[in-house]
*Asks:* 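Below: one structure in structure tokens.
Heavy-atom basis, side chains included; hydrogens, waters and symmetry copies ignored.
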Amino acid sequence: MAVQPQLMPVVNIQPGRFRSPADLKTEVWSSSICDCCDDMKICCFGFWCPCCLICQISTDFGECFCLPLLDFFTNCVPAGSLALLSTMRERYRIQGTICNDCLLVTCCTPCARCQMARELKLRQRTLLLVNVPSSVQTNMHPPQAFSHPSHPSMPLHPMPVGLYTSAPQYSQHKQEIN
């Protein structure tokens, strides 16, 4: 008896790539690349001392302040500014591509730096919290040692909850005395 080969079904449509909502980039830059004059402090700082501005951006963003110094050691693309811009775009889920970031920092470095500074300034503002419960008044005095009523010479120290697995040691000591 001959075995007939079974035909495999043909897949016409391949499954697409799953993208979770956290991966979607839905934000846009808070200001345009050409809005340098919207914040004159940042504009002047970027014009008169661009090295100081990019080091300040790097520090405010949580990176090493020396990262932008890579810009001076690369020939074509300012690597430090590119790293900051693309990381900022990813962290804040701002739409764009690494190619656009590269073109932006290469062709218009001062404007890109000012845009990053404006974005950080906007996103790092102090938040106004509404309906926050009032803080609980705390006792600022250190805990004091107590003594056992039947044995005044044996001090009892307060023990934090959850740090011991069995009964406190003083109860065992009391049983030995009885």
Side-chain angles (χ1 to χ4, degrees), residues 7-142 160-163:
L7 295 174
M8 297 296 289
V10 177
V11 177
N12 292 329
I13 300 173
Q14 294 291 328
R17 180 175 159 224
F18 174 75
R19 297 190 75 175
S20 71
D23 292 339
L24 298 177
K25 295 177 186 163
T26 57
E27 298 290 321
V28 293
W29 291 99
S30 63
S31 61
S32 170
I33 191 68
C34 298
D35 291 340
C36 291
C37 295
D38 283 357
D39 190 328
M40 288 307 291
K41 280 184 176 180
I42 292 175
C43 182
C44 290
F45 193 34
F47 181 75
W48 295 108
C49 193
C51 300
C52 297
L53 175 65
I54 193 64
C55 287
Q56 182 66 47
I57 292 168
S58 181
T59 303
D60 291 347
F61 194 60
E63 296 293 333
C64 177
F65 72 95
C66 294
L67 176 66
L69 297 178
L70 290 173
D71 291 355
F72 302 108
F73 298 113
T74 54
N75 293 332
C76 186
V77 177
S81 295
L82 177 61
L84 282 172
L85 182 67
S86 62
T87 305
M88 187 178 296
R89 188 177 50 75
E90 289 296 319
R91 181 179 296 176
Y92 297 137
R93 295 187 181 137
I94 297 173
Q95 297 172 358
T97 63
I98 190 70
C99 184
N100 290 343
D101 295 344
C102 185
L103 288 171
L104 186 64
V105 297
T106 303
C107 298
C108 196
T109 306
C111 295
R113 290 175 177 174
C114 288
Q115 184 183 35
M116 286 190 285
R118 289 190 305 271
E119 193 70 29
L120 273 179
K121 184 177 178 181
L122 176 75
R123 292 190 186 255
Q124 290 183 344
R125 289 189 304 198
T126 305
L127 297 175
L128 175 65
L129 301 175
V130 180
N131 294 332
V132 177
S134 62
S135 61
V136 177
Q137 188 175 18
T138 57
N139 184 3
M140 298 304 285
H141 302 289
V161 177
L163 294 182

*Asks:* Using modelled atom types and a 3.5 Å cut-off, is there a donor and acceptor pairing between side-chain atoms of Glu119 and backbone atoms of Ser30?
*Replies:* yes
*Asks:* What I'd like to find out is whether the side chain of Met88 reaches to under 4.5 Å of the side chain of Arg123, using heavy atoms alone.
*Replies:* no
*Asks:* For Thr74, give me all partners under side-chain contact (heavy atoms from CB on, under 4.5 Å), at least two apart in sequence or on another chain.
*Replies:* Ala79
*Asks:* Report yes or no: does Arg118 contribute a side-chain atom to a donor-acceptor pair with the main-chain N or O of Ser32 at less than 3.5 Å?
*Replies:* yes
*Asks:* Just so I know, are the side chains of Gln95 and Trp29 near enough to count as touching, which here means a heavy-atom distance under 4.5 Å?
*Replies:* no
*Asks:* Which residues pass the side-chain contact (heavy atoms from CB on, under 4.5 Å) test with Cys66, sequence neighbours left out?
*Replies:* Cys64, Leu69
*Asks:* Run the numbers on Met116 and Phe61 for side-chain contact (heavy atoms from CB on, under 4.5 Å), then give the verdict.
*Replies:* CA-CA 10 Å; Met116 286 190 285; Phe61 194 60; over 6 Å; no
*Asks:* Sequence neighbours left out, what passes side-chain hydrogen bond (donor to acceptor under 3.5 Å, both in side chains) with Asp71? Give chain and number order.
*Replies:* Ser81, Arg113
*Asks:* Which residues satisfy the side-chain hydrogen bond (donor to acceptor under 3.5 Å, both in side chains) test with Asp38, sequence neighbours excluded?
*Replies:* none
*Asks:* Please find the pair of heavy atoms, one from Ser58 and one from Leu84, that lie closest to each other, and give the distance.
*Replies:* CB-CD1, 3.8 Å
*Asks:* Any side-chain to backbone donor/acceptor pair from Gln115 onto Ser31? Under 3.5 Å, distance only.
*Replies:* yes
*Asks:* Got Thr97 and Asn100 here, is their nearest side-chain heavy-atom distance under 4.5 Å?
*Replies:* yes
*Asks:* State which residues pass side-chain hydrogen bond (donor to acceptor under 3.5 Å, both in side chains) with Thr59; sequence neighbours excluded, sorted by chain then number.
*Replies:* none
*Asks:* Enumerate, atom names and distances included, each donor-acceptor pair closer than 3.5 Å involving a side-chain atom of residues 41-57, sequence neighbours excluded.
*Replies:*
residue: Gln56; atom: NE2; partner: Asp60; partner atom: OD1; Å: 2.8
residue: Gln56; atom: NE2; partner: Asp60; partner atom: OD2; Å: 3.2

*Asks:* Please name the pair of heavy atoms, one in Leu104 and one in Ala112, separated by the smallest distance, quoted to 0.1 Å.
*Replies:* CG-CB, 3.9 Å
*Asks:* Specify the closest pair of heavy atoms between Asp101 and Arg89, including all atoms of both residues, with the distance to one decimal.
*Replies:* OD2-NE, 2.8 Å
*Asks:* Does any part of the side chain of Leu82, heavy atoms only, come nearer than 4.5 Å to the side chain of Leu70, both counted from C-beta?
*Replies:* no
